[in-house]
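Following: one structure in structure tokens, then a few remarks.
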Protein chains: 2
Amino acid sequence: MYDWKDLLGKINREIADMTYERKPEELYAPIKYVLSLGGKRVRPVLMLLAYNMYKEDVERIYPQAMAIEIYHNYTLLHDDLMDRADMRRGKLTVHKKWNDNAAILSGDSMLVMAYEYMLKNCPEGKTDKVMSLFTQTALEIGEGQQYDIEFETRNDVSEEEYIEMIRLKTSVLLACALKIGAILGEASDADAEKLYSFGENLGLAFQLQDDYLDVYGDPAVFGKKIGGDILCNKKTYMLINALRLADSEDRCQLEGWIAKSEGTYDPSEKIAAVTALYNKIGIRRLCDEKIRFYFERANHILKELALSDERKQPLWEMAHALLDRKS
Amino acid sequence: MYDWKDLLGKINREIADMTYERKPEELYAPIKYVLSLGGKRVRPVLMLLAYNMYKEDVERIYPQAMAIEIYHNYTLLHDDLMDRADMRRGKLTVHKKWNDNAAILSGDSMLVMAYEYMLKNCPEGKTDKVMSLFTQTALEIGEGQQYDIEFETRNDVSEEEYIEMIRLKTSVLLACALKIGAILGEASDADAEKLYSFGENLGLAFQLQDDYLDVYGDPAVFGKKIGGDILCNKKTYMLINALRLADSEDRCQLEGWIAKSEGTYDPSEKIAAVTALYNKIGIRRLCDEKIRFYFERANHILKELALSDERKQPLWEMAHALLDRKS
């Protein structure tokens, strides 16, 4: 049995060893670039951890683990293009380094490559199940991204809608990774379903924590600038609840900051003011509690799995590492 | 046994009956729009014709026939975005009617939908073969599109490179459609391979004819404006060979027209002049012969198929209809 750090090492070696024999080079260069930027490889590691709860030969499903990472990186590539983001993991995004068309076409081919890897040596009799789950998940993620775009121009997004959006955009891919690991590991259907639910709840906790760290994170650790969501008025769990729970004076102040046009205020002043309002309204604690709520649900579901504690331990450690505020 | 017109009617009814139950509506509206614009439905009809050579119950593979049409329309959607084309089949393209991000995201979901339909009720034991072929084809089509983009800024594209580009961009999808029809119809491997080669050659004839009609077509029938390729200096089979075969005076004139900046000449004058040069250099006949060459090769391959002439007849009629200059 491996721990998540072993599996992360294995996946990183697999990605480093990927060969790009297809042509033209100009099509595959952005794909190679994006995959070389690093990242936590959360999804393939989760898949391998789920598989490893049932079987030892994790190398058997490297292609499927690679597929989920390639797919995830394709979504980042196209999302960055749609968001006009310049940087990703401290490096230029593909549409900045190359151009928009390179980002569209290379992203498209990356999505097809994800299918290619998902199909590669897929154990006999599992292809239908794995491919259908992956395909349904990919449709849901597109839907999540569409909701995310629509929410930008809406001021009446409810907490429920927000949770559903992040479930689609983030959680279902973690859930899918775990369930594919379970299916390939020949887990029972009941276990595979439980691992899916575990992933959904872990994913919600993970995304809410990302929102939380955008406000309260340590800039040296978070990897992104603190306050980015505040500056672009992103309707996060925190802003939605702040607007809902604020008294009329605080709401007026919050709405004032939201309405200000870019360039008419000092960004650090806006971040400080909105953070102070969040603190006053009790949003920090509320978000913290919500993260714990989903994390506890994930924990509870994992406990129900028909396996020894020892076999669950590596996945549980990974879940903790994911939610560790300092990493 | 059905003829191609029967099958076209069936596919058009299937597309008209498609339900879009998934949400959000804004994501699926462009997909519905694109699929409703019509077109010749060449690829699904070819798939059904190939299947129908071996089996009668064509409705069994409607999902796979739909998949190939959805896939083809996704390529048009993203290619139009990359080419900044305003119109498609007499209607606004998706990025013009909605916006770039809608075109990116809806196109992405359409590609996933193509996989969804390809998987749907795929006969047992065929999924791996069908999905692998479809995935390899999709990678090749991305490569063809990349070459097409690169050729725009190159002046040394050879005839061989051009033929390979249109093989990747156009022919392999026709070939894939036919081969999937054969696989699902339980044709022998040899027959499935032959139908693939038939499709490759038919596709080359078809694309070269498209280039030909862009110059020599009847505007009332062709559906696009005549001379579009000439105006944008597209390195077609015709231009590549005109530059290769022209004497120094004619080449000088051709290169003069190519070098002229947009807005400094009368478009109809350029079309007339380049067409006259093509005629003088003998390009019309050369292209005509090349079309016939590939069409004859397709014909020859079809003859080799281990089936009665009667069973081949509908596919052969479809091939003729495709290459009919008047339709």
Side-chain angles (χ1 to χ4, degrees), chain A residues 22-28 31 71 74-75 78-79 81-84 99-122 124-132 134-150 164-165 168, chain B residues 22-28 31 71 74-75 78-79 81-84 99-122 124-132 134-150 164-165 168:
Chain A
R22 301 189 69 104
K23 303 213 159 180
E25 230 173 78
E26 292 76 5
L27 178 63
Y28 292 101
I31 299 177
Y71 174 82
Y74 134 78
T75 66
H78 272 191
D79 286 5
L81 172 63
M82 290 185 263
D83 298 343
R84 309 299 323 164
N99 54 59
D100 285 11
N101 283 358
I104 294 168
L105 190 57
S106 295
D108 285 3
S109 287
M110 223 171 157
L111 172 53
V112 178
M113 271 176 76
Y115 273 97
E116 185 191 27
Y117 273 82
M118 199 57 89
L119 281 163
K120 203 187 262 180
N121 302 324
C122 192
E124 212 169 324
K126 307 280 188 208
T127 308
D128 279 282
K129 238 181 182 172
V130 167
M131 297 305 277
S132 295
F134 179 55
T135 299
Q136 285 307 308
T137 303
L139 284 174
E140 287 175 345
I141 289 166
E143 291 158 7
Q145 171 68 359
Q146 176 70 27
Y147 283 121
D148 199 12
I149 292 170
E150 287 177 21
E164 175 63 5
M165 184 275 280
L168 292 167
Chain B
R22 302 189 68 105
K23 302 212 159 178
E25 231 173 76
E26 291 76 4
L27 177 63
Y28 292 101
I31 298 177
Y71 174 82
Y74 133 79
T75 65
H78 272 192
D79 285 5
L81 171 63
M82 288 185 264
D83 298 342
R84 310 296 327 162
N99 54 59
D100 285 10
N101 283 356
I104 295 169
L105 191 57
S106 294
D108 286 2
S109 288
M110 224 171 155
L111 172 52
V112 178
M113 272 176 75
Y115 273 97
E116 185 190 27
Y117 274 81
M118 200 57 87
L119 281 163
K120 205 188 259 179
N121 301 325
C122 192
E124 213 168 327
K126 307 279 188 210
T127 308
D128 280 280
K129 237 179 183 172
V130 168
M131 298 303 277
S132 295
F134 179 54
T135 298
Q136 285 306 309
T137 304
L139 284 176
E140 288 174 345
I141 290 166
E143 290 158 8
Q145 171 67 1
Q146 176 70 28
Y147 284 121
D148 199 12
I149 291 171
E150 287 177 22
E164 175 62 4
M165 185 275 283
L168 291 168

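Just so we're on the same page: letters track the sequence lines, and every chain starts at 1.
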Find the one option among Thr135(B), Asp83(B), Thr127(B), Leu139(B) whose heavy-atom pairs under 4.5 Å with chain A are most numerous.
Leu139(B)
In Å, rounded to the nearest 0.5 Å, how long is the span from CD of Glu150(A) to CD of Glu25(B)?
9.5 Å
When heavy-atom pairs shorter than 4.5 Å are enumerated against chain A, which of Ala102(B), Gly142(B), Gly125(B) gives the highest number?
Gly142(B)
Gap between atom OG of Ser109(B) and atom CD1 of Ile104(B) - 0.5 Å precision
12.0 Å
Tell me, for Lys23(B) versus chain A, whether the close heavy atoms (under 4.5 Å) come from the side chain, the backbone, both or neither.
both
Is the closest side-chain heavy-atom distance between Val112(A) and Glu116(A) below 4.5 Å?
no
Against chain A, label Tyr74(B) side chain, backbone, both or neither, depending on which of its atoms sit under 4.5 Å from a heavy atom there.
side chain
Leu111(B), part contacting chain A, at a heavy-atom distance under 4.5 Å:
side chain
Do you know which of Gln145(B), His78(B), Gln146(B), Lys120(B) has the most heavy-atom pairs with chain A at a distance under 4.5 angstrom?
Gln146(B)
Measuring centre to centre across the rings, with the benzene-like ring taken for any Trp, is Phe134(B) within less than 6.0 Å of Tyr115(B)?
yes
Side chains of Leu81(A) and Arg84(A): closer than 4.5 Å at any heavy-atom pair?
yes
Which region of Ile141(B), side chain (C-beta onward) or backbone (N, CA, C, O), has a non-hydrogen atom less than 4.5 Å from a non-hydrogen atom of chain A, or is it both or neither?
neither
To the closest 0.5 Å, what do you measure between CE (Met82(B)) and CG (Asp108(A))?
6.0 Å
Of the backbone (N, CA, C, O) and the side chain (C-beta and beyond), which part of Tyr28(A) lies under 4.5 Å from a heavy atom of chain B, both, or neither?
side chain
Between chain B and each of Met113(A), Glu124(A), Gln136(A), Glu26(A), count heavy-atom pairs under 4.5 Å; write down the option with the most.
Glu26(A)
Sub-4.5 Å side-chain heavy-atom contact between Glu140(B) and Glu143(B):
yes
